[in-house]
Trainee: 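Once you've had a glance at the structure underneath, I'll fire off some questions.
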Amino acid sequence: MLSLELIRQHPDLVKAGIAAKNEGPEMVDEILEVDRERRDLLQKVDELKHLRNEASEQIATLKRSSLDASAAIAEMKDVGSHIAELDDRVKVVDARLRTLLLCIPNLPQASVPVGKSDKENTIVLTWHEKPTFTFVPRPHWEIGESLGIIDFAAGAKISGSRFYVLKGLGARLERSLISWMIDVHVQQEGYTEILPPYLVNRESMTGTGQLPKFADDLYHTDTDDLFLDPTAEVPVTNLLRDEIVREEDLPIKYVAYTACFRKEAGAAGKDTRGIIRVHQFNKVEMVKFVKPEDSYHELDLLIENAEGILKKLDLPYHRSEMCTGDLGFAAAMKFDPEVWMPGQDRYVEISSCSNFEDFQARRANIRYRTRDGKIAFVHTLNGSGLAVGRTMAAILENYQQEDGSVRVPDALLPYMGTDVIR
RNA sequence: GGAGAGGUGGCUGAGCGGUUGAAAGCGCCUGCCUCGAAAGCAGGUGACGGGGUUCCCUCGUUCGUGGGUUCAAAUCCCACCCUCUCCGCCA
């Protein structure tokens with residue numbers, strides 16, 4: 001959510017910002033209009049309420065000294081109904097304004113390269129050359145199936161397309177990755193581990209920005225109006241919804257594993273093979289709450305924490321900087337580390353590290369009290385550290401051997417109990 | 001799922017139709033005291049929104065949420081949500 005004050009004072013700046021995200025200026029004008037209407041109404045109704053409050057006090061005084069107050073009461077009856085009428089109108093206008101504010105995207109940070117779509121993202125860093133193989137490397141779905149550790153048919157039978165089943169050392173590898181990633185973030189980088197609910201309510205989804213605009217991507221339970229989390233970002237960020245934390249407690253750094261659920265509504269025909277794009281996947285997510293002045297430094301650290309996992313696994317990757325058109329709804333700046341998949345001859349997004357500035361904090365009302373007593377919104381950031389299924393795919397493709405077996409990365413040896421999957 | 005109790009400011013907790021935005025205590029802040037701290041004493045201390053002569057003044061809202069009754073609701077009525085206790089069921 002953008003600050004209403006910012007929209008009032010610098011509508012052109014806001015229009016330019018959302019234009020860079022491929023969003024038209026109409027919403028801004030409507031907000032200004034509705035805001036004007038709201039303030040006019042408020043002025044009127046507040047005046048009447050003031051009148052009523054004063055009259056009530058007089059009535060109370062009269063009653064206390066057992067005097068007749070029926071004249072004043074009769075007079076207030078009209079005022080009361082007028083107030084009720086205006087209050088109804090305020091309520092309608094308030095709801096409209098809130099909806100508009102919830103639907104306007106965050107502004108890109110000034111230094112983000114302007115671009116229309118993901119085609120204009122730039123590679124800002126490359127780590128390790130693409131490895132050479134003495135044989136033709138296979139994609140992970142072939143490796144996984146031939147080793148008997150990924151079963152796509154079973155997933156389709158149990159649940160449908162874009163589901164799969166892990167077996168034996170495949171399941172063990174996934175579980176090892178989850179534990180190891182969390183251990184790294186907790187023990188080496190000072191994050192606090194969280195294990196949150198996967199089902200969240202409407203307020204939480206609104207707080208991080210999935211609702212109201214992106215309901216189509218979410219699984220929803222009809223009976224009790226809960227949503228399956230598409231990322232741990234949702235439950236973990238909402239941990240501090242409507243809270244005021246102390247400045248000295250910032251930054252707050254959480255890491256959480258959850259299963260993630262996505263309808264992938266707009267992705268028909270995309271990544272149909274393998275475990276890259278599925279309806280349910282595991283992810284370890286880092287979430288940070290920081291002071292505004294620290295948030296870009298914290299973004300750098302967050303990216304390093306995400307990429308640290310890739311480095312420890314010795315997986316080649318590069319870092320893509322999102323242009324304005326590919327930032328998404330809530331981010332002010334975003335970097336995606338992408339891992340090399342030799343079996344598919346391409347890089348695949350394996351993490352996404354964003355600074356939301358105060359966009360989510362405003363929606364979710366997450367604030368902090370400064371040392372001198374002032375209250376301000378925190379900045380929130382999050383980044384995958386990492387997407388676990390895709391990490392497994394990357395390991396299968398990068399660590400595959402000519403005989404069809406897969407070496408276990410050194411970092412995972414203590415968790416896997418074997419150094420090779422065959 | 002059934003029965004009961006309850007949800008009040010950062011926390012504990014009073015109030016149960018009319019100077020109650022809300023007692024008291026704790027916490028926090030400021031001052032005095034002190035070499036300093038503690039204790040003690042004095043004072044201050046919620047959030048949100050509107051308006052203004054914008055380091056301040058003023059008005060409104062806010063006692064789980066949403067409705068209702070009333071001139072007036074933390075206080076009465078209804079619905080929902082949540083917490084706790086007991087019973088049932090259960091990984």
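Here is how names work: the chains are called A, B, and so on, in the same order as the sequence lines, proteins then strands, and each is numbered from 1. If you're wondering where the values come from, they're calculated on a predicted model, not measured in any experiment.
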Trainee: Using only atom types and a distance under 3.5 Å, with no angle test, would you say the side chain of A:S81 pairs donor to acceptor with the backbone of A:D78?
Mentor: yes
Trainee: Could I get a table of every N or O pair under 3.5 Å where one atom is in the protein and the other is in nucleotides 88-91 of chain B?
Mentor:
none

Trainee: Just to be sure I understand the rule, does A:I59 reach a base, reach only the sugar-phosphate, or reach nothing, if contact means heavy atoms closer than 4.0 Å?
Mentor: base
Trainee: Just to verify, what does A:F356 make a ring pair (Phe, Tyr, Trp, His ring centres under 6.0 Å) with, not counting sequence neighbours?
Mentor: none
Trainee: Residues in salt bridge (charged side-chain N to carboxylate O under 4.0 Å, His left out) with A:R362, at least two apart?
Mentor: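 By the salt bridge (charged side-chain N to carboxylate O under 4.0 Å, His left out) rule, A:R362 matches A:D358.
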Trainee: Can you establish whether the number of heavy atoms outside A:R36 located under 6.0 Å from its atom CZ is more than 12?
Mentor: yes
Trainee: The criterion is ring pair (Phe, Tyr, Trp, His ring centres under 6.0 Å); which residues satisfy it with A:Y191, sequence neighbours excluded?
Mentor: A:H185
Trainee: Across nucleotides 64-69 of chain B, 5' to 3', mark each nucleotide with B, S or - according to how protein heavy atoms within less than 4.0 Å reach it.
Mentor: ---S--
Trainee: Would you please name every residue forming a ring pair (Phe, Tyr, Trp, His ring centres under 6.0 Å) with A:H140, sequence neighbours left out?
Mentor: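 Ring pair (Phe, Tyr, Trp, His ring centres under 6.0 Å) check on A:H140 returns nothing, list empty.
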Trainee: Less than 4.0 Å between a side-chain N and a carboxylate O, is that true for A:R39 and A:D35?
Mentor: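 Salt bridge between A:D35 and A:R39, a charged N being under 4.0 Å from a carboxylate O: yes.
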Trainee: How would RNA chain B look in dot-bracket form, 5' to 3', counting Watson-Crick and G-U wobble pairs with both distances under 3.5 Å and writing | for bases paired to another strand?
Mentor: ((((((((.[[[..)..(.....]]]((((((.......))))))(((((((...))))))).[[[[[..)....]]]]])))))))....
Trainee: Collect all protein-nucleotide pairs involving nucleotides 72-82 of chain B in which both atoms are nitrogen or oxygen and the distance is under 3.5 Å.
Mentor:
none

Trainee: Check every strand shown and say whether A:K63 touches a base, only sugar-phosphate, or nothing at a heavy-atom separation below 4.0 Å.
Mentor: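 Base, at least one base heavy atom under 4.0 Å.
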Trainee: Can you list every pair that meets ring-ring contact (aromatic ring centres under 6.0 Å, His included) and has a residue in residues 227-247 of chain A, with sequence neighbours left out?
Mentor: A:H220-A:F227
Trainee: Run the ring pair (Phe, Tyr, Trp, His ring centres under 6.0 Å) test against A:Y164 and tell me which residues pass, sequence neighbours left out.
Mentor: none
Trainee: Distance check needed: B:rC71 C1' versus A:D68 CG, whole Å only.
Mentor: 13 Å
Trainee: If you count the non-hydrogen atoms of other residues, nucleotides and ligands that lie under 6.0 Å from CD in A:E47, is the total more than 12?
Mentor: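 Incorrect, the count does not exceed 12.
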Trainee: Could you list all N or O pairs between the protein and nucleotides 45-48 of chain B that sit under 3.5 Å apart?
Mentor:
unit_1, atom_1, unit_2, atom_2, d
B:rA47, O3', A:R367, NH1, 3.0
B:rC48, OP1, A:R367, NH1, 2.8

Trainee: What pairs of nitrogen or oxygen atoms, one from the protein and one from nucleotides 51-56 of chain B, lie under 3.5 Å apart?
Mentor:
unit_1, atom_1, unit_2, atom_2, d
B:rG51, OP1, A:R39, NH1, 2.9

